[in-house]
Visitor: 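Submitted below is the structure of interest, expressed as structure tokens.
For the single chain, residues carry numbers from 1 onward in sequence order. Just follow the structure's listing: the first ligand is 1, and inside any ligand the first atom is 1.
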Amino acid sequence: MSSFYVVGGNKLNGDVNIDCAKNSLLPILACCIMTEDEVILKDVPKYSDVIAMCNIIQHLGGKVEWQEQNLIINCKSLDNCDVPNELASLVRSSIFTLGPILARMKKAKVSYPGGCDIGLRPIDIHISGIKNLGGKVVEKNGYIYADGLNINGGNIMLSFPSVGATENIMMLACLINGETRISNPAREPEIVDLQNFINCCGGSVQGAGTNEIIIKGVKHLHGCCYKTIPDRIETGTFMIACAMCGGRLVLKNALEEHNQELITKLKKTTCKIEALNDKIIIESEGKPISFGEIETAVYPGFPTDLQAQMMALASVSEGYSLILENLFEARFKHAGELLKMGCDIRFKNGVCIVHGKEKIYGADVVSTDLRGGASLVLAGLRAEGYTTIGNIELIDRGYYKFEEKLINIGADIKRILK
Ligand code: UD1
């Protein structure tokens, strides 16, 4: 377990280049399984979750090569339809391979996925989607066995707009006979990005971002060169850091329209925020007042992936803040670590009440999951004294060169390798 050593108290000033979105890259990597041609993904950060997906592709017989920042995937020689537990347990998005493997090989054996420990995270909606299209699915000994010989397009109504299930079904439906309509799909920007990628490869998907996605199956997908949208959660994390520590940040390659809910809340804390083309400029005195209340919801609601960072902000904001987590039942584990830093947080039935303090203090804490870990780094940057944050491999899943970017804007942080 490596750790970060953070000395708090510095203001944050300067430019930050926001990376390509992790949550776009992961399904798009799975989608590469469906074409025999080369795919070039541009400017891909080496998130450890991306590396884990690359390892799965290689295990399936595909080729993966880095050419500087670009990732070249070639799945021409794919010859395996089995994703074993050793690989699947490392990353939640391993489940995204189920639809694409089934579409390409007509059968799949995929282990239950791992990923951040933030709740039960069942996959029943993925599986019922495949069954609705005529796939046979058997769950046995921790594996999902799927047979796709009789799969055809059809109408699917999702019981909940799950991001992963929407993506899995979209990908599967690309290469099967007939038209598929997904009602009540997730509407996250990453779903639109996946649609754009599939269409770039010669697929036929429309409606992503609305209440219905229509996919017309095609005989094959070809290769393409693609760059994903910016990571809205990395963007949000740096904005919240600035709100807490004070300073002025220019976030480059950042899209205001993907962070509307956050921007509304940060303006309440007294931040000044301006957007110019693909830049967001944020200024803060570092003396935030409470944002009031946030309630996590599916897009365009407040993202659950920024809830932990908002808890760190609430902990240093004048007044009381209320945080409701509606998506993942175990996504408050960072609260226990923030308490060690002198934060005043009470928790009951999925609701946190945070009483902001002018001062919080450095402590030895441990990342509980990817975004929870990021929230502890932010708290450390604002705290009096020094903080060590353990188990930062969890942070590396979704932030690339996090400490380098923070050092560039004036933070005092270093990585201690184990
Ligand atoms: C994706 C994101 C993750 C984000 C989450 C919610 C990726 C790689 N990850 O995760 O960062 O936190 O969306 O915005 O894109 N559910 C079921 N059955 C299912 C599937 C989901 O009950 O078959 C439930 C989950 O337990 C959860 C809710 O639906 O309570 C949302 O999950 P989902 O949208 O599927 O999230 P992920 O795709 O796992």
Visitor: Of all the atoms in ligand 1, which lie at a distance below 4.0 Å from a heavy atom belonging to Leu327?
Guide: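 What qualifies from ligand 1 is 27 (C), 30 (O).
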Visitor: Side chain, backbone, both or neither: which applies to Arg331 and ligand 1 if a contact is any heavy-atom pair less than 4.0 Å apart?
Guide: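 Side chain only.
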Visitor: Report the part of Arg92 in contact with ligand 1, treating N, CA, C, O as backbone and CB onward as side chain, heavy atoms under 4.0 Å; options are side chain, backbone, both, neither.
Guide: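 Side chain only; the backbone of Arg92 stays clear of ligand 1.
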Visitor: When rounded to the nearest 0.5 angstrom, what is the spacing between CG in Asn70 and CD in Glu65?
Guide: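 Between atom CG of Asn70 and atom CD of Glu65 there are 10.5 Å.
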Visitor: I'd like the name of whichever of Pro122, Ala165, Pro27, Pro161 reaches closest to atom 20 (C) of ligand 1 through any heavy atom.
Guide: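 Among Pro122, Ala165, Pro27, Pro161, the closest heavy atom to atom 20 (C) of ligand 1 comes from Pro122.
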Visitor: Counting only pairs under 3.5 Å, give me each side-chain donor-acceptor contact of residues 257-267, with atom names and distances, residues two or more places apart or in other chains.
Guide:
unit_1	atom_1	unit_2	atom_2	d
Asn259	ND2	Arg232	O	3.1
Thr264	OG1	Gln260	O	2.9
Lys265	NZ	Glu293	O	2.8

Visitor: Does ligand 1 have a heavy atom under 4.0 Å from the side chain of Phe160, from its backbone, from both, or from neither?
Guide: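 The part of Phe160 near ligand 1 is the side chain, not the backbone.
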Visitor: Does Tyr5 have Arg415 sitting over its ring (NZ/CZ under 6.0 Å from centre, angle to axis within 45°)?
Guide: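 Cation-pi check for Arg415 and Tyr5: fails.
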Visitor: Look up atom OG in Ser315 and atom CD1 in Ile345, then write down how far apart they are to the nearest 0.5 Å.
Guide: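 Answer for the OG-CD1 pair, Ser315 versus Ile345, is 4.0 Å.
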Visitor: Which residues pass the side chain to side chain donor-acceptor pair (under 3.5 Å) test with Ser3, sequence neighbours left out?
Guide: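 Expected list: none.
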Visitor: At less than 4.0 angstrom from any non-hydrogen atom of Thr304, what atoms of ligand 1 do you find?
Guide: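 In order of number, 6 (C), 12 (O), 14 (O).
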Visitor: For ligand 1, which atoms, with element, lie under 4.0 Å from some heavy atom of Val163?
Guide: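 Result: 1 (C), 13 (O), 15 (O), 33 (P), 34 (O), 35 (O), 38 (O).
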Visitor: Below 4.0 Å, non-hydrogen atoms only: which portion of Asp305 touches ligand 1? Side chain, backbone, both or neither.
Guide: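 Just the side chain.
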Visitor: Checking Tyr226 against Asp193: is there a side-chain donor and acceptor pair closer than 3.5 Å?
Guide: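 Indeed, the side chains of Asp193 and Tyr226 share at least one donor-acceptor pair under 3.5 Å.
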